[in-house]
Amino acid sequence: MSAPSPQIPFAVGDRVVYPNQGVCRVFGVEAKEVAGQKLTFLTMKREEDGAVVMVPQAKVQSVGLRKVASAQEVEKVYTFLRSDSDKADLDWKQRARTNAGRMAQGGILGLAEVVKGLQVLSELRPLPNKERELYDNARHLLVSEISVALGIPEHDAEDSVDVILFPVGRERPKRTAAEFKAPGGDEEMGIGEDMIDLESPEMEIPAEVPEAPEEETTEEALALPKVEGPPTKARLSDEEVTVTQTTGSGLVPQGKPPLKRKRGRPPKPKPAEKAHAAPKKRGRPPKAKPLVEVHVPKKRGRPPKAKAKKK
Amino acid sequence: MIRIATFDPYEEKQLKRLCEILYTAFAVGTEHSSNVRLPEGFAEPYEAARLLEEAPRVHAYADDKVLFLTSKKLKDRALPSGSAPTNGLSKYAGEKAIITTSVVKDLEQGMKTVARHALHQLGHTWELHHCLDPRCAMYPTWTPSFPQGEPIFCPFCRDRSDQKIRLAKS
Ligand SMILES: [Zn+2]
Ligand SMILES: [Zn+2]
């Protein structure tokens, strides 16, 4: 195991955050041949489950790998959570873009924005399943980073967020649509489509986006339990930069084409979506049917489901 | 399997009821495994984190969860952003949880509330985070409506815990 090269601003043992993947510990640099190309990878182990994450040296910056937040940054997160910040966009597409951008950038404040934005939105109306999942993913990443940043257990980190979001002794307020940004309103988030497109290569979400993309982008689809398409996760895009392997926790069988898996995936705003920007009115989707049904194996961001019968 | 370990005496029939509710919620076998002694140096209100740490070992297998019950109060926790009222505690993705039954005056009548706290803490051990749905047991426990709710999960949390449990069993 060699030490990271000068182009890599991290040292062995550093705890870093990989956007959408969570906190990882750097353990070295490794040369590997991928598709006939010899590449140097920064190798890390995701702390949550021991999965090995490898990022080509040349991509370390562009994937947004960064050091774990400082205590001061966590304090800023608390301040933000307490503040009366902007409400989420009522236009679900705009919102999805904004949140996908925040998740892809992976800053701790961005995670807090996703959590708080969706939380406040849920005080107006229930979240569609997709956003409920996003909320959980962002919450998970936020909580684990606070836990690492402050050196406190995760349950304390989560409660530290929630004594703010669910103030003690008070019920959450009921919101009215008037408090939120009208659809098509100002674009203060500044996350344009180009930006999303830029992020796309890193957000190879094949695993979670079934190949019926157009449906996927409607709010209706957002609300429905995912229908699993043929497994596409094993596909390596030309731009593929990340390899996740398992060590120990049985996540990804070795020998399978490398794939990146994590929890904390944003719904992918597909470029194709642009062409479809118009359709489907916004507004409540037909009630998401309570899904207690079993999701088959490859649901996003979770370890491969065991199929074993319950009990 | 969920194993209940008690620091204080409880009526067997109450414990049985709690087991039934937990079995219904998680579809995981649940039993009252043992009465355990309070470690030295604890005075009410107990420091939950330390008590979980120092609690006597309860015979359990991998993937079992141990739920400790005490009738004594637990101490609020000072967190970086404020104080968190504490009626239970568990380690996220861990195997031990504790709840206090002091949240109800009468266990017979308050069993649902106690069970809701148990679901919440056990839910954390199966990696559930807090939930937005006030009806769900993963809603933060210090909210005024929490004690009135049922010992159930929302479909989202239910689905997540089912996945975790199935995974553990496989
Ligand atoms: Zn909790
Ligand atoms: Zn829930």
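Residue numbers start from 1 in every chain, and the chains themselves are labelled A, B, ... in the order their sequence lines are given, proteins ahead of strands. Worth saying up front: this structure is predicted, and the values here are computed from it rather than measured.
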Exercise. Non-hydrogen atoms of chain B under 4.5 Å away: do they reach the side chain of Arg82(A), the backbone, both or neither?
Worked result: side chain
Exercise. What part of His124(B) lies closer than 4.5 angstrom to a heavy atom of chain A: side chain, backbone, both or neither?
Worked result: side chain
For this session: Sort Tyr78(A) into side chain, backbone, both or neither according to what part of it lies under 4.5 angstrom from a heavy atom of chain B.
Result: side chain
For this session: Locate the shortest heavy-atom distance separating Pro80(B) from Leu150(A); write the atom from each residue and the value.
Result: CG-CD1, 3.6 Å
Side chains of residues 36-62 of chain B: which donor-acceptor pairs under 3.5 Å do they make with residues two or more places apart or in other chains?
| residue | atom | partner | partner atom | Å |
| --- | --- | --- | --- | --- |
| Glu44(B) | OE2 | Lys73(B) | N | 2.8 |
| Arg50(B) | NH2 | Gly41(B) | O | 3.1 |

For this session: Could you tell me whether a side-chain N or O of Arg172(A) sits under 3.5 Å from a main-chain N or O of Pro134(B), the two making a donor and an acceptor?
Result: no
Seminar exercise, completed: Under a 4.5 Å heavy-atom criterion, the part of residues 138-153 of chain B in contact with chain A comprises Tyr139(B), Pro140(B), Trp142(B), Thr143(B), Pro144(B), Ser145(B)
For this session: Go through Arg170(A), Gln119(A), Arg132(A) and name the one with the most non-hydrogen pairs under 4.5 angstrom from chain B.
Result: Arg132(A)
Exercise. How far does CG of Leu79(B) sit from CD of Glu158(A), to the nearest 0.5 angstrom?
Worked result: 11.5 Å
For this session: Measure Ile152(A) against the heavy atoms of chain B and call it side chain, backbone, both or neither at under 4.5 Å.
Result: side chain
Exercise. Is the shortest heavy-atom distance from the side chain of Arg160(B) to the side chain of Asp136(A) under 4.5 Å?
Worked result: yes
Exercise. Is a side-chain donor or acceptor of Ser160(A) paired with a backbone partner of Ser81(B) at a separation under 3.5 angstrom?
Worked result: no
For this session: Using distance alone, with no hydrogens and no angle criterion, decide if His140(A) and Tyr92(B) have a side-chain donor and acceptor under 3.5 Å apart.
Result: yes
Problem set entry | Toward chain A, the part of Leu132(B) with a non-hydrogen atom under 4.5 Å | both
